[in-house]
Student: 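I have a structure I would like to understand better, so I am pasting it below and will then ask my questions one at a time.
All figures in this text were calculated on a predicted structure; none of them were measured in a lab. Chain letters run A, B, ... following the sequence lines, proteins first, then strands; residues in each count from 1.
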Amino acid sequence: MSNKPEGIERPVNFIRNIINDDLANHLHDRVCTRFPPEPNGYLHIGHAKSICLNFGLAEDYQGKCNLRFDDTNPAKEDVEYVESIKKDVRWLGFHWEGEPCYSSNYFEKFYQYAVELINKGLAYVCFLNAEETREYRGTLKEPGKNSPYRDTSPQENLALFEKMRAGGFKEGECVLRAKIDMASSFMCMRDPTLYRVRFEHHHQTGDEWCIYPMYDFAHCISDGIEGVTHSLCTLEFQDNRRIYDWLLDNLDDFSRPDRPHQYEFSRLNLEYTVMSKRKLHQLVSDKLVEGWDDPRMPTISGMRRRGYTPASVRDFAERIGISKVDSMTEMGILEAAVRDDLNKVAPRTMAVMDPIKVVIENYPEGEVEVIQAPIHPQNEAMGKREIFFSRELYIDRADFMEIAPNGKYQRLAINKEVRLRNAYIIKGERFETDVDGNFTTIYCSYDPETLGKNPADGRKVKGVIHFVEATKALPAEFRVYDRLFTVPNPGKAEDFESVLNPDSLIVKNGFVEPGMAEAPVEQAYQCEREGYFCRDNKINDRLVFNRTVALRDTWSQQK
RNA sequence: AGGACUGUGGCCAAGUGGUAAGGCAUCUGGUUUUGAUCCAGUGUACCGCAGGUUCGAAUCCUGCCAGUCCUGCCA
């Protein structure tokens with residue numbers, strides 16, 4: 001019964017089943033979701049999961065998904081975050097109609113709905129202080145007791161609430177509470193606070209208000225006002241669904257069968273990283289990372305800077321699916337998703353990150369040869385690029401050993417032949433070292449008849465290594481990133497900062513092909529045999545490349 | 001006896017009474033001027049455990065176990 005466009009087949013999940021049922025039963029004739037971040041931090045990959053779910057549903061059912069800033073707590077929020085959130089959602093490739101929504105847009109309506117509850121005898125102004133409120137609430141196993149202010153008349157409550165709005169009470173002096181059930185097994189139903197007094201400047205409404213609604217009150221009503229059909233949130237809000245339902249059912253505008261309903265799915269946990277906003281804030285403020293967009297951060301902006309593409313993030317979200325199981329997702333799924341995308345779209349290039357000089361002794365001195373190399377070996381249509389070859393080259397230190405350790409070794413060694421990628425076959429002849437025994441120069445010979453073809457005598461050369469011609473090579477910095485933490489679940493560590501990976505960033509200095517001089521920011525490249533890299537989007541006075549992810553390596557696993 | 005939710009191969013995840021999809025990872029071959037890609041193949045899953053209903057149960061019932069969440073004037 002879904003009217004999703006042909007060709008797009010997303011994996012099924014329990015939420016889609018619910019929507020399909022609702023549509024089939026004509027409970028709803030349209031789908032409206034929303035992504036409701038609080039603008040108090042940067043978006044991370046966990047939010048991306050939610051964004052893809054909510055906006056993806058809207059796309060598939062030709063419905064609508066609102067971007068809504070849940071800005072009911074001005075003390076913690078800032079426009080810096082609303083801007084970054086808009087940017088990140090757009091970058092992921094999703095769109096919202098018109099201006100984004102803000103809960104703060106509805107402050108006046110919220111106030112009127114609160115008045116409705118007061119008139120119905122379902123809300124009251126309570127003068128218990130925070131500590132007393134806690135005592136009155138009871139515990140998980142014992143019921144609470146009624147506030148002494150619980151039976152104030154609606155007329156009096158109305159006057160009190162007006163006075164709250166008018167600034168007649170100090171912060172903490174009183175709150176507006178729903179009158180529900182102090183014995184409920186759901187703690188959130190023990191007369192939850194609806195409004196508190198805060199003389200705080202709000203990033204959207206300025207100083208217009210000194211009372212601000214609580215999440216439980218604002219969220220369901222915002223959904224109702226916007227005509228949201230399916231309000232999707234994470235598991236920790238399961239209990240809150242009772243207050244969500246109670247409020248909508250007690251408000252005349254919303255107590256209809258087709259009112260919004262809340263459904264909960266499990267949040268994303270990714271191995272070797274943290275997802276809590278508090279911890280991410282801490283990493284930034286303790287300067288353990290460069291900032292919110294540090295490429296090691298699981299933030300959208302960090303992943304973008306690292307070289308992840310919107311397509312890869314969306315594909316990842318699709319691969320992990322949606323369920324209600326508390327789970328821990330392996331990094332491998334994320335990495336496989338980027339590799340799949342980048343393998344298809346990334347131009348190939350060669351970069352040497354830990355250079356050793358190679359001299360081809362039988363190559364004419366002073367000559368520089370131009371070679372046309374494919375930009376993508378599996379996609380001719382991407383064309384060719386010019387690379388260079390001469391008597392002096394750079395290869396990577398990891399690609400040479402004096403003596404091959406075993407028969408499986410496929411790289412350069414003395415008296416061993418190897419193919420230089422896109423160029424000739426060379427053979428190691430001799431080498432020089434420094435006083436510490438490190439190789440400084442390797443002298444080789446080349447077979448002039450092997451450019452673009454195999455040796456005529458039929459000898460097999462299995463190994464292929466990459467290189468950069470020395471005179472035209474451009475110096476470049478490579479930032480090789482690894483997991484931020486050393487343990488799979490750093491969030492559970494007593495002190496998560498103590499389990500940071502000291503090698504999460506290794507900076508290498510080497511060379512790239514001259515064609516990389518104008519590499520656009522964020523453009524993904526595959527440095528052949530090394531991995532996927534992109535030009536850093538912050539540093540522009542020199543060539544800095546961030547490693548997005550290494551190539552799949554089944555070889556080093558065997559060693 | 002506080003309540004809510006969850007438990008399907010190493011990791012995600014379909015499945016809603018008819019005899020266990022798929023992805024990632026793993027392993028094995030083949031192709032390959034990236035030890036990549038690509039292609040083909042690869043799993044004895046006590047479906048948390050124990051009972052029960054049924055011709056038949058991962059799916060229904062009962063009991064138990066384990067994990068997560070709930071006592072902010074945070075979201």
Student: Can you tell me the distance, in whole Å, between the CD1 atom of A:I333 and the C1' atom of B:C11?
Tutor: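 Answer to the nearest Å: 6 Å.
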Student: Applying a 4.0 Å non-hydrogen cut-off, can you work out what A:T72 is touching in the nucleic acid: base, sugar-phosphate, or nothing?
Tutor: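 Since only primed, P, OP1 and OP2 atoms lie under 4.0 Å of A:T72, the category is sugar-phosphate.
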Student: Just how far is it from atom CD of A:E386 to atom CD of A:Q372, taken to the nearest 0.5 Å?
Tutor: 5.0 Å
Student: Inspect the contact between A:R267 and A:E236 and indicate whether a charged nitrogen and a carboxylate oxygen are less than 4.0 angstrom apart.
Tutor: yes
Student: Could you tell me how far B:A13 sits from B:C55 if I compare only their C1' atoms? Round to whole Å.
Tutor: 32 Å
Student: For the residue pair A:A178 and A:L194, what are the closest heavy atoms and their distance?
Tutor: N-CD2, 3.6 Å
Student: When the P atoms of B:C5 and B:G23 are considered, how many whole Å apart are they?
Tutor: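 Taking atom P in both B:C5 and B:G23, they lie 33 Å apart.
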Student: Compile the donor-acceptor pairs under 3.5 Å between side chains in residues 180-188 of chain A and protein atoms, sequence neighbours left out, one pair per line.
Tutor:
unit_1: A:D181; atom_1: OD1; unit_2: A:A183; atom_2: N; d: 2.8
unit_1: A:S184; atom_1: OG; unit_2: A:F186; atom_2: N; d: 2.9
unit_1: A:S184; atom_1: OG; unit_2: A:F186; atom_2: O; d: 3.3

Student: B:U34 base to A:Q526 side chain: any donor-acceptor pair below 3.5 Å?
Tutor: yes
Student: Kindly say whether, by distance alone, the side chain of A:R198 makes a donor-acceptor pair under 3.5 Å with the base of B:C73?
Tutor: yes
Student: Can you pull out the residues from residues 265-278 of chain A that lie within a 4.0 Å heavy-atom distance of RNA chain B?
Tutor: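 Correct list: empty, so none.
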Student: Looking across every strand, which nucleic acid part, if any, lies under 4.0 Å from A:M350 by heavy atom: base, sugar-phosphate, or nothing?
Tutor: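 No contact.
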Student: Does a nitrogen or oxygen in the side chain of A:R196 sit under 4.0 Å from OP1 or OP2 of B:C74?
Tutor: yes
Student: Considering every strand and a 4.0 Å limit on heavy-atom distances, what is the contact class for A:I322: base, sugar-phosphate, or nothing?
Tutor: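 Sugar-phosphate only.
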Student: Atom pairs under 3.5 Å, N or O on each side, protein against nucleotides 4-6 of chain B: can you list them with distances?
Tutor:
unit_1: B:C5; atom_1: O2'; unit_2: A:Q238; atom_2: OE1; d: 3.0

Student: With a 6.0 Å cut-off on the ring centroids, do A:F217 and A:Y113 count as close?
Tutor: no
Student: Is A:K76 salt-bridged to A:E38, cutoff N-O under 4.0 Å?
Tutor: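 No, no charged N to carboxylate O under 4.0 Å.
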Student: If I take atom CD1 in residue A:I320 and atom P in nucleotide B:G22, what distance separates them, rounded to the nearest angstrom?
Tutor: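 Taking atom P of B:G22 as the reference, CD1 of A:I320 is at 20 Å.
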Student: Does A:R10 place a side-chain N or O at less than 4.0 Å from the phosphate oxygens OP1/OP2 of B:G23?
Tutor: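 It does not, given that no N or O in the side chain of A:R10 lies less than 4.0 Å from OP1 or OP2 of B:G23.
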Student: How is A:R134 classified with respect to the nucleic acid when contacts are heavy atoms under 4.0 Å: base, sugar-phosphate, or nothing?
Tutor: sugar-phosphate
Student: Taking N and O atoms by type only, does the side chain of A:E142 place a donor or acceptor under 3.5 Å from a partner on the base of B:G2?
Tutor: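 No, no donor-acceptor pair under 3.5 Å.
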Student: Ring centroid separation for A:F467 and A:F389, is it under 6.0 angstrom?
Tutor: yes
Student: Does a side-chain N or O of A:T133 approach OP1 or OP2 of B:C73 to a distance below 4.0 Å, or not?
Tutor: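 No, outside the criterion.
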Student: If you take all heavy atoms of A:N157 and A:T152, which pair is closest and at what distance?
Tutor: OD1-O, 3.2 Å
Student: Think A:S185 has a side-chain N or O under 4.0 angstrom from the OP1 or OP2 of B:C70?
Tutor: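 No, A:S185 has no side-chain N/O under 4.0 Å of OP1/OP2 on B:C70.
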Student: Where do N or O atoms of nucleotides 37-40 of chain B meet protein N or O atoms at under 3.5 Å, pair by pair?
Tutor:
unit_1: B:U37; atom_1: OP1; unit_2: A:R552; atom_2: NH1; d: 3.4
unit_1: B:U37; atom_1: OP2; unit_2: A:R552; atom_2: NH1; d: 3.1
unit_1: B:U37; atom_1: O2'; unit_2: A:N343; atom_2: ND2; d: 2.8

Student: Between A:E236 and A:R348, name the one whose nearest nucleotide on RNA chain B is closer to the 5' end.
Tutor: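 Result of the comparison: A:R348.
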Student: Taking the side chain of A:K141 as heavy atoms from C-beta outward, which of B:C74, B:C73, B:G2 is closest to it?
Tutor: B:G2
Student: Is A:W555 stacked on the base of B:G35, with ring centres under 5.5 Å apart and planes under 30° apart?
Tutor: yes
Student: Apply salt bridge (charged side-chain N to carboxylate O under 4.0 Å, His left out) to the pair A:D60 and A:R16, showing each step before the final yes or no.
Tutor: CA-CA 10 Å; A:D60 291 355; A:R16 283 171 183 273; 2.8 Å; yes
Student: From the options B:A13, B:C12, B:U16, select the nucleotide whose nearest atom is closest to the side chain of A:N17.
Tutor: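 Closest of the options to the side chain of A:N17: B:U16.
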Student: Give the table of side-chain donor-acceptor pairs shorter than 3.5 Å for residues 133-144 of chain A, with sequence neighbours excluded, one pair per line with atom names and distance.
Tutor:
unit_1: A:T133; atom_1: OG1; unit_2: A:N129; atom_2: O; d: 2.8
unit_1: A:T139; atom_1: OG1; unit_2: A:K141; atom_2: N; d: 3.3
unit_1: A:T139; atom_1: OG1; unit_2: A:E142; atom_2: N; d: 3.0

Student: Taking only residues two or more places apart in sequence or in another chain, which ones pass salt bridge (Lys or Arg N to Asp or Glu O under 4.0 Å) with A:R419?
Tutor: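 Scan of A:R419 (salt bridge (Lys or Arg N to Asp or Glu O under 4.0 Å), adjacent residues dropped) gives none.
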